[in-house]
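To start, the structure under review is shown below, and the notes come after it.
In listed order, ligands and their atoms are each counted from 1.
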Amino acid sequence: MKALDLKNGDCKELIKKIPDKSVDLILTDPPYNIARYSTGNIKFDWRSDINNDIAEWDEVPLKPADFVESFKRVLKPTGNAFVFTSYNMVGEWHKAFDDEFDTFQFMAWHKTNPVPNFMKTSFLNSVELIVCFWNKGHTWNFINQAKMHNFIESSICGGGERLKDPKHPAQKPVKVLEHIVKIASNDGDVVFDPFMGVGSTGVAARGLNRRFVGFELDFEYFQAAKKRLSEQLIKVV
Ligand SMILES: C[S@@+](CC[C@H](N)C(=O)[O-])C[C@H]1O[C@@H](n2cnc3c(N)ncnc32)[C@H](O)[C@@H]1O
């Protein structure tokens, strides 16, 4: 497999071209299907709107069960899978994958600067869930007891890291992705993200000298990922 292989299209079709047992780590962030819970943007007179809208791509129903066969087929026996998801989808991921792998666990990413809750009538949405599954003999770089809690803390993606054009509403911080890549894969391994958005998983993987295969349906996001990753390659070389 190439060091970098990016494709624009529907991952359900594109995944068919990935050879059996060729992927070391699936690290992905599929749509959460939370559009129906959104109350829209929060408007202010004194500052710009807080983006609470969910993108159109989130409205297309995603069925975790549709990915069982293809994920099992492409993963090496030593492989791992980590999937960002939301409270409304955890049960579906568990139902589809728990019986298919030896171990099914989850991690929590605590966002230190979540969107404030101006109404003060519920919790801030400061935690994102990541389900993970693997078989016996999987690659596992255990750092130490203190650093192997199923919990990571970081700010949301911002500052210079956040792409301005196009703006992706779900861009993930590279720091969180790097943590997972380090634990669940080795130098030169193949990391695969079928829903890569603007390519954050690829940035983490390539920065740590892994190979990367990424698919994205939206052409604008795909182009942004391609640009971001080619600029990163120039920097690394
Ligand atoms: C939650 S976002 C991923 C964001 C990414 N982690 C990042 O940091 O940029 C999910 C992405 O999946 C893409 N997507 C949705 N359905 C897809 C499909 N069938 N095949 C490939 N990509 C798809 C969406 O366009 C969206 O960019």
May I ask you to check whether [X] has an N/O atom sitting below 3.5 Å from an N/O atom of ligand 1?
X      : value
Tyr221 : no
Phe215 : no
Lys12  : no
Asp193 : no
Ser200 : yes
Pro30  : no

Do the charged groups of [X] and [Y] touch, with an N to O distance under 4.0 Å?
X      : Y      : value
Lys111 : Glu128 : yes
Glu231 : Arg228 : no
Asp5   : Lys7   : yes

With atoms numbered from 1 as shown, which atoms in ligand 1 lie under 4.0 angstrom from a non-hydrogen atom of [X]?
X      : result
Val198 : 7 (C), 9 (O)
Asp10  : 18 (C), 19 (N), 20 (N)
Pro31  : 15 (C)
Met196 : 5 (C), 7 (C), 9 (O)
Ala170 : 1 (C), 4 (C), 8 (O)

Donor-acceptor contacts, no H, no angles, side chain residues 19-27, under 3.5 Å, sequence neighbours left out:
from  : atom 1 : to     : atom 2 : distance (Å)
Asp20 : OD1    : Arg73  : NH1    : 2.7
Ser22 : OG     : Pro19  : O      : 2.7
Asp24 : OD1    : Lys76  : NZ     : 3.1
Asp24 : OD2    : Lys76  : NZ     : 3.2
Asp24 : OD2    : Val190 : N      : 2.8

Are [X] and [Y] side-chain neighbours, meaning at least one heavy-atom pair lies under 4.5 Å?
X      : Y      : answer
Val83  : Phe97  : no
Asn141 : Lys182 : no
Phe101 : Leu75  : yes
Thr139 : Trp134 : no

* With a 4.0 Å heavy-atom cut-off (strictly under), which part of His168 contacts ligand 1: side chain, backbone, both or neither? -> side chain

* Structure fact -> Short version for Pro194: what comes under 4.0 Å of ligand 1, heavy atoms counted, is backbone

* Taking all non-hydrogen atoms of both residues into account, name the closest pair between Gly188 and Arg211 and its distance. => O-NE, 2.8 Å

* Asked: Can a non-hydrogen atom of Gly9 be found less than 4.0 Å from any atom of ligand 1?
  -> yes

What residue and heavy atom of the protein are closest to [atom], and at what distance?
atom                    : answer
atom 20 (N) of ligand 1 : Cys11 N, 2.9 Å
atom 22 (N) of ligand 1 : Leu217 N, 3.2 Å
atom 1 (C) of ligand 1  : Asp29 O, 3.0 Å

* To do: Report the member of Lys172, Glu216, Glu13, Lys7 with the shortest heavy-atom distance to atom 11 (C) of ligand 1.
  => Glu216

* Structure fact -> Checking heavy-atom distances from atom 16 (N) of ligand 1 to each of Phe195, Phe219, Trp57, Tyr32, the winner is Phe195

* On the 0 to 90° scale, with breaks at 30° and 60°, tag the His94-Phe104 ring pair as parallel, tilted or perpendicular. => perpendicular

Can you give the donor-acceptor pairs under 3.5 Å from side chains of residues 155-164 to other protein atoms, not counting sequence neighbours?
from   : atom 1 : to     : atom 2 : distance (Å)
Glu161 : OE2    : Val174 : N      : 2.7
Arg162 : NH1    : Cys157 : O      : 3.2
Arg162 : NH2    : His168 : O      : 2.5
Lys164 : NZ     : Gly159 : O      : 3.2
Lys164 : NZ     : Arg162 : O      : 3.0

* To do: For atom CZ of Phe142, decide whether the heavy atoms of other residues, nucleotides or ligands shown that lie under 6.0 angstrom number more than 12.
  => yes

